[in-house]
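Quantities reported herein were computed from a predicted structural model and do not represent experimental measurements.
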Amino acid sequence: MKTAIKKIIHDALEKAQQAGELELSSFPDIVVENPKDEKMGDFSTNVAMTLARSERKSPKVIAESVARYLKNGELSQAEIAGPGFINIKMSQEFFLERLRNAVAQGEDFGQSDAGQGTKVLIEFVSANPTGPLHVGHGRGAAVGDALARILKKSGYDLSAEYYINDVGNQMNFLGRSTWLRYRELLGERIEFPEDHYRGEYIKDIAGQIIDLKGDEFINKPEDECIPFFRKFAKDNILEGIKKDLSEFRVTFDNWFSEESLYEDKSVEKAVEWLRGEGHIYEKDGAVWLKSSAFDDDKDRVIVKQTGERTYFCSDIAYHQNKINRGFKKLINLMGADHHGYVPRMAAVLEAMGYDKNIFKILLVQFVSLLRAGEKVSMSTRSGEFETLADVVSEVGVDAARYFFLMRSSDTHLDFDLELAKKETPDNPVFYIQYAHARICSIFRTAEENGVAWDRSADVDLSRLIEEEEFAIIRAILAFPEIVEKSAKALEVHRTSHYLLDLVSRFHGYYSRHRVVSDDKSLTLARLFLLDALRITIRNGFELMGISSPEKM
RNA sequence: GCGCCCAUGGCUCAGCUGGAUAGAGCGACGGUUUGCGGUACCGUAGGUCGCAGGUUCGAGUCCUGCUGGGCGCACCA
């Protein structure tokens, strides 16, 4: 919508130039905004102020000149205000025409080609398969999944990926923990080590092994047992993670195994390549990457003294692999506690000769779980913590997703379980869903009163004359911009704030104006507006992965 | 010590690439309904945007320093 306005302003500038009123040695970037107060107009621009210097004229003089040439069929008014803002009011037809388009687009309303089919890979969650997902992962999952939906809607060719760290020491610890629990369950007295995985789920897995294999491992040496226990536990946990995510409506296009990078020698090749480029040296029996040459604070070990490769080492190969698959932009979501990893990874990409701007790491800050204002303790040490599955089963997928998405992901999040469950307006998910259900209920009433609703029928929208109605229309028409900006800024919370604002306008309108009445053409016009609103709420919630119930 | 994130009414947070009188929700107080879902609506009170400088026509927004809080600083992942 704003691009249409920009064009109108641009045309006006050209006319002013032709008339010799403006020099315009270079055309400025035209910024169109919504005025603070809706009474001032539908749009405003500050071009006159930005041009003041190069034109050597006061903003007001320029504004007057531009306003004179702004006359256009769709424009009903152009006013100069404050230090030189030009406030523009558009004709009602301008909005109604676009409202018709929105309804015609239906599910596609909000879609754009802003991404121009750029291949983008978004990697998120990627939790180690050593235990169930907890609340922190849940936030990453919700944000990553919503971003994926938003980027797709904005015309990016998007792939969502989960990187499975199925190699390394933690896998051995996992295998060993399970093996120890297995023996314990079979009656042996075990001193369970502090640094092993102590969660209850390990006992469950050990129990399953007993159900399946009985005591066949009991007299075998550790070396012979661990590979089986490691794989069994990993597969079992991974399956659980997949189940949790799918129940949370989070989908991945690809599950990428770290182990596969060793199997096809990618890791080796990546290291050799870096060595060939002179980015690698040996010291104290280990192999180091000269990451400090690329803005990291120190060099990093990629092959340990023991000959084992570090996690960082396979990550190099992994990111090279991503680029080789043709992705032009790589987005990684990580927990805030991993932020030390950012410069290191950027250094690698730079060393490999890629533009570091293709790589974007999004840090998702911590979640504090509250219960009626009181902090719920999350102790990972004991292995007992609030899992994502627990939270989802307590508050439901819709509320959980909304809460994870309602705040900017770079601020700490207080997630109040009691609030999330409430069916009152303090709970924003409910407030929005209620509006949708209420709209659907109005359509049901209309039908009972003999007003059949047909989306494709021709409706006389000139019956919409209330200022409140146009305020809602303007808000609806802003939706595509919200999506596009969310995609560009990689910020999901804009959508949740937008929906809240949109819906509160509706509730106010509803309480003052009757939709279904004896006046049939007015009823139809208002139903048309509500249909557009319903579409927008659904599409917005769809981007967040939240359902829009027709009844509650 | 070094680095990243945060700091906006009592609480939880918005504030788009710097723009007009800093906005919501909750809480507090006071109102609203013979009709479409009152699970709603309307109003009132409440802010030196952590502090101090700087950049500019203009700063909550950008820069520097400081304070406070969170998180990191492994041949762990």
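If you check every strand for non-hydrogen atoms under 4.0 Å, N34(A) touches nothing. Among the protein residues, N169(A) comes within range of no part of the nucleic acid, since none of its heavy atoms lies under 4.0 Å from any strand. If you check every strand for non-hydrogen atoms under 4.0 Å, A437(A) touches a base. As judged by a 4.0 angstrom heavy-atom cut-off over every strand, A336(A) is placed among residues touching the sugar-phosphate backbone only. Across all strands shown, D315(A) has no heavy atoms under 4.0 Å from either base or sugar-phosphate atoms. Counting non-hydrogen atoms under 4.0 angstrom, Y510(A) reaches a base of the nucleic acid. At a threshold of 4.0 angstrom between heavy atoms, the contacts of Q305(A) include nucleobase atoms, whether or not backbone atoms are also involved. Residue contacts shown for R512(A) are limited to sugar-phosphate atoms, with no base heavy atom under 4.0 Å away. At a threshold of 4.0 angstrom between heavy atoms, the contacts of H513(A) include nucleobase atoms, whether or not backbone atoms are also involved. Within 4.0 Å of G168(A), counting heavy atoms only, lies no atom of the nucleic acid at all.
Note on K304(A): a side-chain N or O is less than 4.0 Å away from OP1 or OP2 of A77(B). Close to C36(B), at under 4.0 Å from its OP1 or OP2, lies no side-chain N or O of T445(A).
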Are any protein N/O atoms closer than 3.5 Å to N/O atoms in nucleotides 11-14 of chain B? If there are, list each pair with its distance.
residue : atom : partner : partner atom : Å
U12(B)  : O2'  : R407(A) : NH2          : 2.9
C13(B)  : OP1  : H412(A) : O            : 3.3
C13(B)  : O2'  : R407(A) : NH1          : 2.9
A14(B)  : OP1  : S408(A) : N            : 3.0

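Checking C75(B), A77(B), C5(B) against the side-chain heavy atoms of Q365(A) singles out C5(B) as nearest.
A donor and an acceptor atom never sit less than 3.5 Å apart when one is taken from the side chain of D337(A) and the other from the base of A77(B). Judged by atom type and distance alone, N46(A) reaches the base of G19(B) through a side-chain donor-acceptor pair under 3.5 Å.
For Y162(A) and F256(A), the ring centers are positioned 6.0 Å apart or more.
Residues Y163(A) and K322(A) have side chains not in contact (no heavy-atom distance under 4.5 Å, counting atoms from C-beta outward).
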